[in-house]
Amino acid sequence: MIRRTANKPRRSLFGPCLICGLILAYCFATLPLVQESKAQQAAPSGVIRLRVRVATGDGNKANGLSRKRFFLIKGSLEENKALVEAIEQQSLISRDCYYRGLGASEALIAWLKEKDCESVYCREVEPEHVEGAAAVPEFQQAVAAGEKEFGSRELARKWLAVNLNANLRSGFYTSQQQRLTALLIKAEEVSRAKVLSVMTDSFGTAYFTDIEPGTYTISNLIPTEVGTMAEIWNAEIKVKPGDLATELPFLISNPGNKDPRDKKNIKRVSLEKPLPPCG
Amino acid sequence: MKRYTITAFVLALVVFFSFSSPEWFSESGSVAGQRRGSRRSGKSRAVRKPVIDYSQFSHATREHQASCKTCHKTPTSNWRKVADFPDVADFPDHEACVRCHRPQFFKSAQPAICSNCHRRASPRDEARFEFRNPDWPRQFGIEFPHDKHQDVIARAQPPVTQTVSLRRMAHAVRPPPQSQTNSLQYNNCEICHSTNAKPPVAPVAGWADAFVPALNLFKASPESHASCFNCHWKSAEPVKDNCAGCHKLAAAPYQPTGVPERKSMRFTHAREQHVKECTACHINITKAASLKGLKPDVPISTCTECHNKEGLRLDVSGELAALDKSRDFNCIYCHTSDVGRRNPPSSHYLISGRPPLKLRE
């Protein structure tokens, strides 16, 4: 028996070695891909359906707060404490006071206030805002300058903004943006993550999509004027893996909202401050 | 035997590295590519000078990358004849070309360089192409911060009823909303994206199911300076002379197809019931800071608020049930069959509360 084995010719190991080597190499090469796809599957992203509704007057009928920007900051209220304090303690200046400080006419201030506009880009300047009793003096001057430049009064009215003083045109919006930019930098420093933002639609609804599961702070960063008050929202929300927010939206409101439709669903009310008088 | 083992090991290593670092083995790898390219160009330089086709003007040429106003005038002298607002409405004057291209300009009776602007390269025929020539590939892309513009035009008052027609911002000069059947208009996206007035371009292979979409299925996009100069003519940057503020040189010239890309081809924007504000469905638009990568994607949940409600309509559930009965069923309520024959995405099953079917082959 022993002799037979000793005489048997030795088998070549080339084939098995090559196959094993190739299999091993393939496994090594594809391992990172497998791990990556597993990691992606492990934490499906979520969605936040934010709804902002505010009530003024007796508070019995709330409306969606439309066309206002909200920000999503990584981390809980506690983790973003320094930022939240900075947001809540910032000085307030109302739109009316800003324009009054520039020496704007009462007609322009009223025109902006009528449709809650931060700048003249916000809505159409109708012929009655340029001619007649309801005319805005700043608009009249801009149209006169445009008529000289373009040779057409109609075009001058349509392109009115190009002949308005920069501060009157969009100064309040620009100053708000500067404050916002400073707070955004702070927010990204504190949370050590990119801050996302969305704007509410006409029903006060906005979506944050593709959100990593975790705890977040939703904030408007700069106060929003609602009637005679300034509203500041800082609300904490938890995003669960795969939560597509198909049930109730995350409703935030102001303290004055007594609308029976909202009563039980409000997750957070704003910090409300009266708009300061013009100094 | 040892030799075989070593060969196998080396082979295994080669396979491993070809997976993990394909660029080492690829000829198109950046380093290899650059080297080969430079060697080639050195050779060709030695052999002959490259031939320049002067009939193909390119903004990418280094010498053509000076300030835009070196050549283009804003507005051009002809603007009153062709536009209802001051605009860049013509090619640059001869001076812009002659100052560098005198030899090419006077080369022959029909210099090639003239054909960049003129229909016929003849001193007796001054007719120029329409500016900009629609047959030419585009050399620039547009950079437009959607989010900033939405902020600045924002108004807070929501619409009250459908009978209230909210006014648009008059600064924009744009076509009237023909064929629009829903009266509700908003002072935001519609300033630039009015209801489409041009027939959509058909795909090369033709419309799926021979479904030719009506004009009002789509919204239009700005194609001129009309929606820009009304605010950005002067003082509000980027102003009329700062072309590069919006126009960014593309990596290569391109011809936009104009073919609409849509998953739900049968959706009609201008339908009387579709009166919600744009961002109510296009939920990701307000966070977009650029046009790059911008997709006006609409999640199914925004459709099913009306189209899959018990007691109202069950369009999604109905089609999923039909698909459950017959795997050959095509979803055609929203889609044409090129999309409708695919496996419905999991979101459709989730929203209608149905377990996903086994995927079709």
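Lettering of chains follows the sequences in order, A, B, ..., and the numbering in each one begins at 1.
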**OP:** Would you indicate whether B/C189 and B/C278 have their SG atoms under 2.5 Å apart?
**Re:**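 Disulfide absent: SG-SG distance not under 2.5 Å.
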
So which part of [X] gets closer than 4.5 Å to some heavy atom of chain B, the side chain, the backbone, both or neither?
| X | answer |
| --- | --- |
| A/E154 | neither |
| A/T209 | both |
| A/F150 | both |

**OP:** Give the C-alpha distance, both sets of side-chain angles, the deciding distance and a yes or no for side-chain contact (heavy atoms from CB on, under 4.5 Å) between B/Q150 and B/I285.
**Re:** CA-CA 9 Å; B/Q150 283 177 334; B/I285 293 290; 3.5 Å; yes

**OP:** Between chain A and each of B/A280, B/S347, B/S301, B/P299, count heavy-atom pairs under 4.5 Å; write down the option with the most.
**Re:**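 That would be B/A280.
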
Subject >> Ring centers of A/W111, A/F139 separated by less than 6.0 Å >> reply: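 Ring centres of A/F139 and A/W111 closer than 6.0 Å.
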
Subject >> Audit row: A/L102, A/F172, side-chain contact (heavy atoms from CB on, under 4.5 Å) steps and yes/no >> reply: CA-CA 10 Å; A/L102 287 179; A/F172 183 65; over 6 Å; no

